[in-house]
Amino acid sequence: MRQVGSTLWPKLRAVQVYGANTGVGKTVVSTLLCKALRRRLPDFNVHYLKPISTGPLDEADNRHLSRFSDNITSKTLLQFDEPVSPHIAARSAKEPIDDRSIIARVYDEIHSYANDQDAVAVVETAGGVLSPAPSGSVQADLYRTLRLPALLVGDHRLGGIGSTISSWESLHLRGYDVGNVLLFGESYYDNYTYLKDYFAERGIPTLSLPPPPDQAATLEEDEKAMLQYYDATANHQSLSSVVSQIIDAHDSRLKRLTSLPERANDSIWHPFMQHTERNKQNILAIDSAYGDFFQTYSAASTPTSKDQNILNPAFDGSASWWTQGLGHGNPDLALVAAHAAGRYGHVMFASAAHEPAISLAERLLSGVENPRLTRCFYTDNGSTGMEVAVKMGLKAASKRYGWDSNTGDNVEILGLKGSYHGDTIGTMDCSDPSAYNKKVEWYQGRGHWFDFPTVKMTQGRWVVEAPGAEFENDFGARREFDSLDDIFALESRTSDAQKYEKYVRQTLEELTAQGRKFGALIMEPVILGAGGMLFADPLFQHTLARVAREILPDIYGSNAGAGDNLAWQGIPLLHDEVFTGLYRLGHFSSSSLVQIQPDISVHAKLLTGGLLPLCTTLASESIYEAFLSPEKSDALLHGHSYTAHAVGCEVANYSLDTMQKLDQEGAWSEYKKDWQGEGVIDTVSHALGVKAQKDKLWSMWSSSFVSTLSYHKNVESVFAIGSVLAISLKDPAGSGYTSTAGTGLRDALLRGKEGVEGVIHSRVLGNVLYLMASMTATKETLAEIERKVADAMK
């Protein structure tokens, strides 16, 4: 089933009528509104739609509209005979009725109203804002994909003030735009007066209507009374105001949205962009986002037809810079954030404690299953989290080995070529020269970076490929493997391990013989993200860490920590799990995949499910103790105003809890089953202390799709692991970040196929186009994305 999104047609205005409760008069208001629209806008087509209705057919709301309104179309899409809640009525259906199919039908119906003639669609919900839909999800969530402008019918009865305000909050929390609150104002409780003042402070007009007459003794008398009521009330000033608001809000929304690219071009300095290439035609305006999709407008693809929706759903192919884990507009995350904001706001964290931060620290330290790690330091993003990690590592090494930069000791780092650990001045110095850092005036590049073999699939075979002649002479150009799991079965690759160890040992001995001092080894486990989606051979990373820990104590003349399996040895090992951690690769910690327990690890990106910035740097007790001293100047003097902010910590706790449940309750079992032919990792305990594990390597991208891509004539290689898919395209001019080979495919995916709704928003790293799923993405959604990628590749 295709993906549909928000609705915004140039000449079709729409409003969705929600009720604060059942029995508040939604259908009466919808009828009055349709009559008012017909009288006020005689040249408009007026449509009434009731997506879901329960009860006898002759009492259906669309029939009520047809009986009391003139010259409108009225329709119900799903009618259940039993007069109960839709989730109960749907039990009698022959097949389950899912949200996606309902939304597709609603979208298609509304689309049929869009043409060259001005029109208005009134879409009435069933029950209250949080009443169940047939699937059991609440209505506010069911219809959120469409994000229609909303009108809330308030409750004029006893207790109606509270139900009306809570209903509005539920809609507001989910990103709806509520243009008006409308209720029957003449009641003993005078709810209208209070609600008018309450919503006026929030810029929302609250309007009242005369109540309908009491039910008459006979059906004929009742119908006559209602006809008189509708005819008299349709000209009410409140309805005239609502009609004006519907028209004006639609025109204003169109104007604001279509002006965003030009306004951005005039005022915004975008990240990671050469602005000589930017113009208003290539700036994508995002109106909203929900689930795995943006709702977008592009000046380059302005509709040529009045019945064409100017909003196009775009799959968030970069997971919003790798942060999106639980879907955009997630109401549960929003509720958690709102609760924490209401409880705490922001509170300082210096010499203080609050439950969200302590619980999150404990959860992370437990979840990584690394007994070395005992302390959690909070920052606000991956760059600053890595900056802190580098400070920790260099301080610990310098203190142990007696190095002092004030007396001329130049302490460096060890790392991997193509790494990227952030864009602060300090973290840029921890990577080799690249497009990111080499033209930054303060960049010095303080370290040595090992080249390394990479993992990829070509022609349907998994291979470990040497980076150049230096490796080819000793290891051969490439080694083929039957499965990805075979590559991660480190204990069985004894020959490769021996060769890697010889190379690493020799290199370290040569470097240290030159008098160079290395205070930390920094690696991104498994995948080097921003450097180009480089899939490092896990055995090489494992060997590099093991050898560095073994030989550097003797070279630097200190065996402090020897015999203590939890203390850092040789050199502090820093793992940058900002991108690869927290289930990105299918495991809570990507360090487990390379069978290394780091002394410091950094976690961000998926930490808060894509809602808020937050980062944690986890450290061992022996790293922590390096900063203990009577002198304050020896402390870790680093912090941010929003260190451990309670809202972010509470959201992170919920996000981690959700992902752990997805893992434990089998939400990813279908993905794992698809990759079951990849064998089973059967590792044994190593000197580094990682326990044996039986987990399989798997991906949310189908194994057949990945294999098929690997044969494509324009594809150099491909890989998929966890939620990550990376396609390396052939480029005769050479690969790397400055390659433009990926831009053609990126642009083709964003253009989409003519006549097919839904495109793919992606980003490229030179010749590499990568796609990333959220951890809640469905197989159906990803299958659609795979088909669109295949079409674009043609």
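The structure presented is a predicted model; accordingly, all values stated were derived computationally and were not measured.
- The closest side-chain donor-acceptor pair between Glu524 and Thr580, if any, does not fall under 3.5 angstrom.
- Counting only heavy atoms from C-beta outward, the side chains of His421 and Ile522 approach each other to under 4.5 Å.
- For residues 502-511, the pairs satisfying salt bridge (Lys or Arg N to Asp or Glu O under 4.0 Å) are Glu501-Arg505, Arg505-Glu550, with sequence neighbours left out.
- Between the Glu480 side chain and the Arg461 main chain, no donor and acceptor come within less than 3.5 Å of each other.
- Annotation: salt bridge (Lys or Arg N to Asp or Glu O under 4.0 Å) contacts involving residues 435-446, sequence neighbours excluded, comprise Asp429-Arg446.
- The one candidate from Met659, Glu369, Gln660 that meets the side-chain contact (heavy atoms from CB on, under 4.5 Å) condition with Phe588 is Gln660.
- Under a 3.5 Å cut-off, the side chain of Arg516 and the backbone N or O of Glu412 do not form any donor-acceptor pair.
- Judged purely by atom type and a 3.5 angstrom limit, Asn370 uses its side chain to pair as donor or acceptor with the backbone of Pro598.
- If you take CG on Asn410 and OG on Ser405, they are separated by 9.0 Å, rounding to the nearest 0.5 Å.
- Sorted by first and then second residue, the salt bridge (Lys or Arg N to Asp or Glu O under 4.0 Å) pairs involving residues 386-403 (not counting sequence neighbours) are Lys395-Asp634.
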Legend entry - Working for ring pair (Phe, Tyr, Trp, His ring centres under 6.0 Å), residues Tyr556 and Trp403: CA-CA 10 Å; Tyr556 290 143; Trp403 299 332; 4.9 Å; yes
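- Ser699 meets the side chain to side chain contact (heavy atoms under 4.5 Å, CB included) test with Trp675, Trp701, Ala720; sequence neighbours excluded.
- Put simply, CZ on Arg372 and CG on Asp564 are 8.5 Å apart, with the number rounded to the nearest 0.5 Å.
- Annotation: salt bridge (Lys or Arg N to Asp or Glu O under 4.0 Å) contacts involving residues 700-720, sequence neighbours excluded, comprise Lys456-Glu716.
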Legend entry - ring pair (Phe, Tyr, Trp, His ring centres under 6.0 Å) between Phe579 and Trp322, worked out: CA-CA 7 Å; Phe579 166 54; Trp322 315 344; 4.3 Å; yes
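- Partners of Ser622 under the side-chain hydrogen bond (donor to acceptor under 3.5 Å, both in side chains) rule, at least two apart in sequence or in another chain, are Ser620.
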